[in-house]
Novice: 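The following block contains the structure, expressed as structure tokens.
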2 protein chains.
Amino acid sequence: MRIAELSRRTGVPIPTIKYYLREGLVPAGERTGPNQAQYGEAHVKRLKLARALVEVGGLSIASAREALRLMFSAGLSELDTIGKAQYAMTPAREYMEDEAWDEAVAEVDELIAKRGWRVKPANPARRTLADALATLRRLDQDDYFELLDSYAETAERLAADEIETVTRRGDVDSVAEAVVVWTAVGDTVLASLRRLAQEDKSTRLLEGS
Amino acid sequence: MRIAELSRRTGVPIPTIKYYLREGLVPAGERTGPNQAQYGEAHVKRLKLARALVEVGGLSIASAREALRLMFSAGLSELDTIGKAQYAMTPAREYMEDEAWDEAVAEVDELIAKRGWRVKPANPARRTLADALATLRRLDQDDYFELLDSYAETAERLAADEIETVTRRGDVDSVAEAVVVWTAVGDTVLASLRRLAQEDKSTRLLEGS
DNA sequence: ATAAAATGGATAGCATCACTTTCCACTATC
DNA sequence: GATAGTGGAAAGTGATGCTATCCATTTTAT
């Protein structure tokens, strides 16, 4: 298969495929001449995957490359991939380190301890969460405190279901792929469902009054 | 208060404040001379809000402006704000309309019907969700089907808690503000917690084997 | 056999976005 | 009266994610 068919099969324009090749999101095809190369099913899959991470998951090209790299790097245990892939998927941000920040960090630690979660200190989700909580505090949206437990409970149940489903797969590669896809696309699914449910609840409340 | 103090109080650089003023994220101050204006507490609050939507919520400047506009526009019922604000917060995307897309749209309709959710056809979360599901299908990640119910259940419970907490507030403005902030920042909180819970579950599974 | 189309690869260009910088006439403060 | 700060306009910047152009070389169609 050459580039035109790769484009047709995936819906990705040829110039974009060339760009992704340059950026290392998709490996080069097998060279058969000075200006000829062959692509296979693996390239189709990889390209679809890259597109999903970038378009639906909202990852940057750099993050997507890193996630894909980890996904296909041998030597990692299946579940180790989860951590690594997650870390790659969190974009770096700068945080405002004030009083609200310190309190938020403490709150996150407390929540993790209370739940008994085993989370490495390096997990970037800690900081992202702390940043979000600090922001809410700075806006005097302190009601979040009572909802936080509900959120955590929810997240825990979800994670249990997800891990269970994902590990039910056979081979390592398949698990790795599922983890990456689910982490990235799952956020969008969850956020959408939350919005739909919110509209429903608010509509009902509106009618009831 | 003049711009320097506004900057000090919020941590937002002066040029950025000027930019936000130009873009209409923050209303102009009260003019007291050809090159003098006064800002008040309302400006501080609005600026913090704008920053939160952009930085933590990841909204574009245009989306943030629209969300803020709706938030402070009179004449909307409290809960009507939820819908309007949500719509403003969903960025427009193009969708690949193939077979997987059609099936995904049908699936979303089915899910909404099954749950008995009352959701307007115009709600952009429908399309976002369909797009995500279509993507998973195109990647042959069909296991999502069995998890979808779990996700929906989760979203519903969350929404119930959120609406309840938010409407417990007194005035309309306060509700509107909470809705916008929670919609935007809540996504981040939820996503972070999900990642933390995932690491915990996978760590435990790894140790158990 | 030959003309037209496609290929891989390199390089440069482009549009968007979210700011920054620079400039200005003017005002406030030391 | 010097210095710093102000609001506002306009132009500039850096990052990002593509597109467009060009080229020598196949491949395909006629």
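Source: prediction; values computed, not measured. As a basis for the values below, the full set of heavy atoms in this structure was taken, side chains included, without hydrogen atoms, waters or symmetry mates. Below, read A as the first sequence line, B as the second, and so on, with proteins coming before strands; counting in each chain starts at 1.
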Novice: Surrounding CD of Glu5(A) (heavy atoms of other residues, nucleotides or ligands, distance under 6.0 Å), is the total greater than 12?
Specialist: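 Yes, the 6.0 Å shell around CD holds more than 12 heavy atoms from other groups.
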Novice: Is any NZ, NE, NH1 or NH2 atom of the basic residue among Arg137(B) and Asp98(B) found under 4.0 Å from an Asp or Glu carboxylate oxygen of the other?
Specialist: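 Asp98(B) and Arg137(B): not salt-bridged.
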Novice: May I have the distance from Ile14(A) (atom CD1) to dC18(D) (atom C1'), rounded to whole angstrom?
Specialist: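 Distance check: Ile14(A) CD1 to dC18(D) C1' gives 15 Å.
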Novice: Does atom CD (Glu30(A)) have a neighbourhood of more than 12 heavy atoms from anything else shown, all under 6.0 Å?
Specialist: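 Atom CD in Glu30(A) is not crowded, with 12 or fewer foreign heavy atoms closer than 6.0 Å.
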Novice: Taking Arg168(A) first and then Glu164(A), would you say they form a salt bridge - that is, a charged N and a carboxylate O separated by under 4.0 Å?
Specialist: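 Judged by the 4.0 Å cut-off on N to carboxylate O distance, Arg168(A) and Glu164(A) do form a salt bridge.
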Novice: Who pairs with Arg9(A) by salt bridge (Lys or Arg N to Asp or Glu O under 4.0 Å), at least two apart in sequence or on another chain?
Specialist: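 Residues passing salt bridge (Lys or Arg N to Asp or Glu O under 4.0 Å) with Arg9(A): Glu41(A).
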Novice: Using side-chain contact (heavy atoms from CB on, under 4.5 Å) as the criterion, list what pairs up with Pro13(A), not counting sequence neighbours.
Specialist: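 Pro13(A) satisfies side-chain contact (heavy atoms from CB on, under 4.5 Å) with Pro15(A), Thr16(A) only.
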Novice: Could you tell me whether Glu177(B) and Arg169(B) make a salt bridge, using a distance below 4.0 angstrom between a side-chain N and a carboxylate O?
Specialist: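 Looking at Arg169(B) together with Glu177(B), the answer is no, because their closest N to O distance does not fall below 4.0 Å.
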Novice: Report yes if the side chains of Phe145(A) and Leu133(A) come closer than 4.5 Å at any heavy-atom pair, otherwise no.
Specialist: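 Heavy-atom side-chain distance check fails, nothing below 4.5 Å.
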Novice: Run the side-chain contact (heavy atoms from CB on, under 4.5 Å) test on Arg46(B) and Tyr20(B) for me, step by step, so that the C-alpha distance in whole Å, both residues' side-chain angles and the decisive distance to 0.1 Å come before the verdict.
Specialist: CA-CA 11 Å; Arg46(B) 183 75 173 254; Tyr20(B) 285 0; over 6 Å; no
Novice: Could you give the CD1-to-P distance, from Ile17(A) to dG17(D), as a whole number of Å?
Specialist: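 Roughly 18 Å, once rounded to whole Å.
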Novice: Distance under 4.0 Å to a non-hydrogen atom of chain A counts as contact; along DNA chain C, which nucleotides mark the start and end?
Specialist: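 Endpoints of the contacted stretch of DNA chain C: dT7(C) to dT11(C).
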Novice: Going by side-chain contact (heavy atoms from CB on, under 4.5 Å), name the residues that satisfy it together with Arg31(A), two or more places apart in sequence or in a different chain.
Specialist: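 Counting only residues at least two positions away or on another chain, Arg31(A) forms a side-chain contact (heavy atoms from CB on, under 4.5 Å) with Ala37(A).
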Novice: OP1 or OP2 of dG17(D) versus the side-chain N and O atoms of Arg51(A): is any pair under 4.0 Å?
Specialist: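 Answer no for this pair, as no side-chain N or O of Arg51(A) is under 4.0 Å from OP1 or OP2.
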Novice: Nearest whole Å is fine: how far is dG7(D) C1' from Met1(B) CE?
Specialist: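 It works out to 16 Å between those atoms.
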Novice: Produce a footprint string for nucleotides 25-30 of chain D: one letter per nucleotide, 5' end first; B if the base is under 4.0 Å from any protein heavy atom, S if only the sugar-phosphate is, - if neither.
Specialist: BSSS--
Novice: Roughly, in whole Å, what's the span from CZ in Arg93(B) to C1' in dC18(D)?
Specialist: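 The distance from CZ of Arg93(B) to C1' of dC18(D) comes to 15 Å, rounded to the nearest Å.
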Novice: Using a heavy-atom distance cut-off of less than 4.0 Å, which residues of residues 18-26 of chain A contact DNA chain C?
Specialist: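 Going residue by residue through residues 18-26 of chain A, the ones with a heavy atom under 4.0 Å of DNA chain C turn out to be Lys18(A), Arg22(A).
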Novice: Between the side chains of Lys45(A) and Asp140(B), is the shortest nitrogen-to-carboxylate-oxygen separation below 4.0 Å, so that they form an ion pair?
Specialist: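 Lys45(A) and Asp140(B): not salt-bridged.
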